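Residues: numbered from 1 along the sequence shown. As the structure is a computational prediction, the values presented were derived from the model and not from experiment.
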Amino acid sequence: MQVTSPDDRWAWEEIDLGAVRRNTHAFKQIIGSRVQLMCAVKADAYGHGAVACTKAMHSAGATQFAVATVAEGVELRQAGIEWPILMLNQCPVESIDTLLENDIMPSIYEVEFALAYGERAAALNKVGKYHLAVDTGMTRIGVTPQDAVEFRQTIDFHRGLECAGTFTHFATADAPGDWDFELQANRFAETVQALRDARLETGLVHCDNTPGTVLHPKQHFDMCRAGIGLYGLHPADTTRGRIQLEPVMSVRARVIRTTYPQVGAGVGYGATWRVPARGMQVATVPVGYADGLARDLSNRMEVLVNGRRMQQVGRICMDQFMFAVPVNTARTYQPVSPVGVGDYVTIIGRDGDDEITADDMAAARNTINYEVTCDFGLRLEKIYV
C-alpha cells in the first residue's frame, strides 16, 4: 500500500476529494440544472474536513452550503469561502453580530430573535438574510404550518430582514410510501402556498435531504439539501441502486509495536483477551476511542493488514488498540506472515481485494454511518488525495 502518513503520528484519515466531486456531480445529475444544490458541511463535513470538501463540492456544481453552528460558518468564511452559508438553526442573540459580520444566514422561527436580528442589521446598514424553518412534523425546530403566515406578517415590516429561503426537514424521507412523509410533504406545500397567497416572499424553497433528493423528485422545489450521500454513504438501503456513490473516507494507521507474548498473557485493560497459542503475534496501532474508534467494538472488529483481515484483541484504549496475528500457531488458526513496525493498517477502507466500510462498523456498533465518520473526524489528521 502506497500512502503518505503524517510525520508526527502514524494514524490519519484519507479523504478522496475526487470522490467528493463525483458524488456531488451525481446529485446534480439527479436534480437537473434548474434546481440548486445545498451541501451540508456541518460537523466538519461529517468528519471529512469542511473547508476542503466545500471547495470540492462547489467545483462540481454546488452553490450553497449548510452548517449547524456559528463557528462552523465562520471557519468557512475565514478560509475564503464566499458562497451562501445557511445555519440550520437559530443561535443565541449574542451571536447576531458574528452572523452579520460573516454573512451567515440563520434559520429563524422565533419572533424575538428575528426582530433582534433585524434591528442589529439595520443599525449596521445591512440586510439580515434568513431562511424560515417550518416544523411540518419532525418536532425539532421551526414555526408550525398554521402559524407561518402570522409569523411572517409579524416580522416582515422590518427593513433589516430579508427572507432568502423557506424550508422543512423530513423525518422519514428514506421510507417510500410512508404516511408521515406524505403528511409532512403536504403540510409543507400548503404552507408555501399560503405564504405566497399572502404575498410573502418565500425565497428558495427546499425540503429534500439526501434520501428525499434521491427518492422524491416531486419535492425538489428550488433547491435540495444533500448531506451524507456527498461523502459516498447511503442514508438507507432504499437509496442503494438509485444513485452511484463512492466512499470518501478511509481510516488508516501504521503498526508502532509488535511482540510475541506467552500463552495466557493478557492483552489490554482488564485482560479481556488472552493469548491462546504459541506463535501468536500481537501488534499495537495508535488509534483509540478518543479518535472515534468506539470502545464497545473491543474484541469484536477486524482490520486489514497487507490485504488480510486480522482480529482486534483486548479493550480498545483511548489512544491505541491491538490486533492478533496467528504467525505460527496451532491448527485452529491459519498461519500468516508476521507484521512489522510501520506496516499499514486499514480500519475503514480498501486494502487489496477486501474492504471494511463505515456501514460495516455502524452495524457492529448498532448505529448509523453518519456517527462513524463524525467520530473519526474528532482528532485524526486528514490527508487529502
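Cation-pi geometry between Arg315 and Tyr269 is not satisfied (NZ or CZ under 6.0 Å from the ring centre, within 45° of the ring normal).
Atom NE2 of His25 has 12 or fewer heavy atoms from other residues, nucleotides or ligands within 6.0 Å. Annotation: Lys28, atom NZ; neighbour count of heavy atoms from other residues, nucleotides and ligands within 6.0 Å is above 12. By the 6.0 Å contact criterion, CG on Asp8 is enclosed, its count of non-hydrogen atoms from other residues, nucleotides or ligands being greater than 12. No more than 12 heavy atoms of other residues, nucleotides or ligands sit less than 6.0 Å from atom CD of Gln244.
No donor-acceptor pair closer than 3.5 Å links the side chain of Gln36 to the backbone N or O of Asp222. For Arg77 (side chain) and Ile81 (main-chain N/O), a donor-acceptor pair under 3.5 Å exists by modelled atom type. Of the possible polar contacts, one joining the Glu13 side chain to the Gly377 backbone as a donor-acceptor pair under 3.5 Å is found. When atom types are taken as modelled, the side chain of Asp147 and the backbone of Phe151 share no donor-acceptor pair closer than 3.5 angstrom. Side-chain N or O atoms of Arg295 include none that pairs as donor or acceptor with a backbone N or O of Met318 at under 3.5 Å.
Donor-acceptor pairing under 3.5 Å is recorded for the side chains of Asp178 and Thr172. Looking only at atom types and distance, the side chain of Thr239 has a donor-acceptor partner in the side chain of His234 under 3.5 Å away. In the model, Thr168 has no side-chain atom that pairs as donor or acceptor with a side-chain atom of Asp135 under 3.5 Å. Residues Gln90 and Glu110 have side chains that bring a donor and an acceptor to within less than 3.5 angstrom of each other.
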I'd like to know whether Ile356 forms a side chain to side chain contact (heavy atoms under 4.5 Å, CB included) with Arg309, so could you lay out the CA-CA distance, the side-chain angles of the two residues, the decisive distance to 0.1 Å, and finally the verdict. CA-CA 9 Å; Ile356 295 173; Arg309 288 189 177 238; 3.8 Å; yes
May I have the step-by-step check of side chain to side chain contact (heavy atoms under 4.5 Å, CB included) for Val67 and Glu75, ending in yes or no? CA-CA 10 Å; Val67 298; Glu75 178 190 12; over 6 Å; no
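A parallel orientation is assigned to the rings of Tyr117 and Phe113, their planes being inclined by less than 30° (bins at 30° and 60°).
A salt bridge between Glu14 and Arg252 is present, with a side-chain N of the basic residue lying under 4.0 Å from a carboxylate O of the acidic one.
For the pair Ile228 and Tyr46, the minimum side-chain heavy-atom distance is below 4.5 Å.
In this structure, the ring of Phe167 has its center less than 6.0 angstrom from the ring center of His206.
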Please set out all donor-acceptor pairs under 3.5 angstrom arising from side-chain atoms of residues 180-195, sequence neighbours excluded.
from	atom 1	to	atom 2	distance (Å)
Gln184	OE1	Ala171	N	3.0
Gln184	NE2	Thr136	OG1	2.8
Gln184	NE2	His169	O	3.0
Asn186	ND2	Glu182	O	3.2
Arg187	NH1	Thr136	O	2.8
Thr191	OG1	Arg187	O	2.7
Gln193	NE2	Asp197	OD1	2.8

